[in-house]
Amino acid sequence: MSTIKGPFDFNGSFGNFRYYYDPVLGKHILSQKGGPTREQFMNHPNYKRAREYSNEFGGRSKFASLLKKSLSDIGHLMYPRCFGQIMSAGKLIQQQDETGEIGYRTVAVNNAPTMLLGIDFNERYPFRNIFRGAYETNFSLDKTTVTLTIPGFVPTRQAHWVTNFNAVRIYLAIAQVSDMAWDAVTKSYEPVVSDLDVLSQYAVSDWMVRNSVPVDINLTASFEQPALTSQGTSVVVAMGIEFSTSVFLGQPYVTPGNGSMAIVGCYTE
């Protein structure tokens, strides 16, 4: 793939090339088309393995979309290109399915829940670099409430941003996530349990001014009904941190993208 440095007033396809502007990278991209035709890919025996991997890629893509959607309450703290990170975690989870046939393996979180903890939702400002405090998450026995506890949080020591900031706040987001499995009837990957993407809740702390005074943070978020009642589901817990770098009418003013987030807990049956 080539990157055009000079002006080139053209969009779309031209012969065997395609050209477009990537708003995230801020660059004009020129790439060459190639590969087999659709008929060759779908029927030729040489592409059997590629078809199988394509099936699994589609399943991971659906899983990644639902996971990202379920955490949309703190989506403003995600980097636009975090989808690939979720896909990578989904692939590692999918590879843990030792009973499924290659090409149709299930994305089952309970096979490797720690893989979700490694997703870097913000490559520019990784959560591990932005927040350096100690925290603890707890899931209630009735499986409805998640509590995030940060004892003695000190903004000047445990919160780090690329510019000076005057205030900071913490988010807690919880979501129920379905595994993704191959459906022989529809011949596609489908959620094991549908409509879980709407079962999300979040809480946010008050703004804390930048000083050296310790603050005990306790955030709770609850589902209306107990979670994990259906096989093939899990509960993910995400934590976000947001910074205010200016004040408007005496209140902290937020600019989109001033923060980061990460999955800090995952509960399965």
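Since this is a predicted model, take the numbers as computed values, not measurements.
In this structure a side-chain-to-backbone donor-acceptor pair under 3.5 Å is missing from S61 to F57. A side-chain donor-acceptor contact under 3.5 Å links D216 to the backbone of G152. A distance-only check finds a donor-acceptor pair linking the side chain of S178 to the backbone of V192 [under 3.5 Å]. No donor-acceptor pair under 3.5 Å is formed between the side chain of D206 and the backbone N or O of R169.
In this view, F153 and F131 satisfy the ring pair (Phe, Tyr, Trp, His ring centres under 6.0 Å) rule, not counting sequence neighbours. Residues meeting the side-chain hydrogen bond (donor to acceptor under 3.5 Å, both in side chains) test with T147, sequence neighbours left out: none.
Looking only at side-chain heavy atoms (C-beta outward), L148 and I217 stay at 4.5 Å or farther from each other. Residues D142 and P226 form no side-chain contact, since every pair of their non-hydrogen atoms from C-beta on lies 4.5 Å or further apart. Contact check for F63 versus V177: side-chain heavy atoms found under the 4.5 Å cut-off. At a threshold of 4.5 Å between non-hydrogen side-chain atoms, the residues F165 and T245 count as touching.
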Step-by-step side chain to side chain contact (heavy atoms under 4.5 Å, CB included) determination, I86 to F121
CA-CA 8 Å; I86 308 175; F121 284 91; 3.8 Å; yes
Can you list the steps and then say if V109 with D179 is a side chain to side chain contact (heavy atoms under 4.5 Å, CB included)?
CA-CA 6 Å; V109 174; D179 293 344; 3.8 Å; yes
Decide side chain to side chain contact (heavy atoms under 4.5 Å, CB included) for H76 and Y171; before the verdict, give the C-alpha distance in whole Å, the side-chain angles of both, and the deciding distance to 0.1 Å.
CA-CA 11 Å; H76 59 290; Y171 285 83; 3.6 Å; yes
Stepwise salt bridge (charged side-chain N to carboxylate O under 4.0 Å, His left out) test for E56 and R105:
CA-CA 7 Å; E56 294 193 346; R105 291 176 293 186; 2.8 Å; yes
Pair E123-C82, side chain to side chain contact (heavy atoms under 4.5 Å, CB included): steps then yes or no:
CA-CA 7 Å; E123 293 179 276; C82 68; over 6 Å; no
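A pairwise comparison of heavy atoms in A112 and Q96 identifies CB-CG, 3.8 Å as the closest pair. Taking all atoms of both residues into account, the shortest heavy-atom contact from S230 to V193 is CB-CG2, 3.8 Å. Residue A203 comes nearest to L219 through the heavy atom pair O-CD1, 4.2 Å, listed as atom of the first residue, atom of the second, then distance. Closest non-hydrogen pair, V235 versus A227, comes out as CG2-CB, 3.6 Å. Taking all atoms of both residues into account, the shortest heavy-atom contact from V154 to P214 is CG2-CA, 3.9 Å. Closest approach of K62 to S188, counting heavy atoms only: NZ-OG, 4.1 Å.
By the criterion of side-chain heavy atoms lying less than 4.5 angstrom apart, applied directly or through intervening Ile, Leu, Val, Met, Phe, Trp or Tyr residues, V204 is not grouped with W207; the two fall into different hydrophobic clusters. A continuous path of ILVMFWY side-chain contacts below 4.5 Å connects L67 to M180, so both sit in one hydrophobic cluster. L71 and L117 end up in the same hydrophobic cluster when Ile, Leu, Val, Met, Phe, Trp and Tyr side chains are linked at under 4.5 Å. Tracing side-chain contacts under 4.5 Å through hydrophobic residues (I, L, V, M, F, W, Y), one never reaches V168 starting from V209; they form parts of separate clusters. The hydrophobic clustering, which links ILVMFWY residues whose side-chain heavy atoms are closer than 4.5 Å, places I241 and Y79 apart.
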Please list, one pair per line, the donor and acceptor atoms closer than 3.5 Å that link side chains of residues 260-269 to other protein atoms, with sequence neighbours excluded.
| unit_1 | atom_1 | unit_2 | atom_2 | d |
| --- | --- | --- | --- | --- |
| S260 | OG | Y125 | O | 2.7 |
| S260 | OG | F127 | N | 3.3 |
| Y267 | OH | T137 | O | 3.4 |
| Y267 | OH | T137 | OG1 | 3.1 |
| E269 | OE2 | K143 | NZ | 3.0 |

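Between the side chains of S212 and T156, at least one donor N or O lies within less than 3.5 Å of an accepting N or O. With 3.5 Å as the limit, one finds a donor-acceptor pair spanning the side chains of T99 and D97.
The side-chain contact (heavy atoms from CB on, under 4.5 Å) test with M239 is passed by exactly one of L77, I74, I170: I170.
Taken from CD1 in I93 to CG in N110, the straight-line distance is 9.5 Å, to the nearest 0.5 Å. To the nearest 0.5 angstrom, L228 atom CG is 6.5 Å from Q176 atom CD. To the nearest 0.5 Å, the span separating CE on M87 from CD on Q94 amounts to 9.0 Å. Interatomic distance, N122 CG to N129 CG, rounded to the nearest 0.5 Å: 10.5 Å. Taken to the nearest 0.5 Å, the OG1 atom of T144 stands 7.0 Å off from the CZ atom of F139. Going from atom CG of N218 over to atom CD of E136 covers 10.0 Å, rounded to the nearest 0.5 Å.
Ring-plane geometry between W182 and Y189 is classed as perpendicular, the angle between the planes exceeding 60 degrees on a 0 to 90 degree scale with a lower cut at 30.
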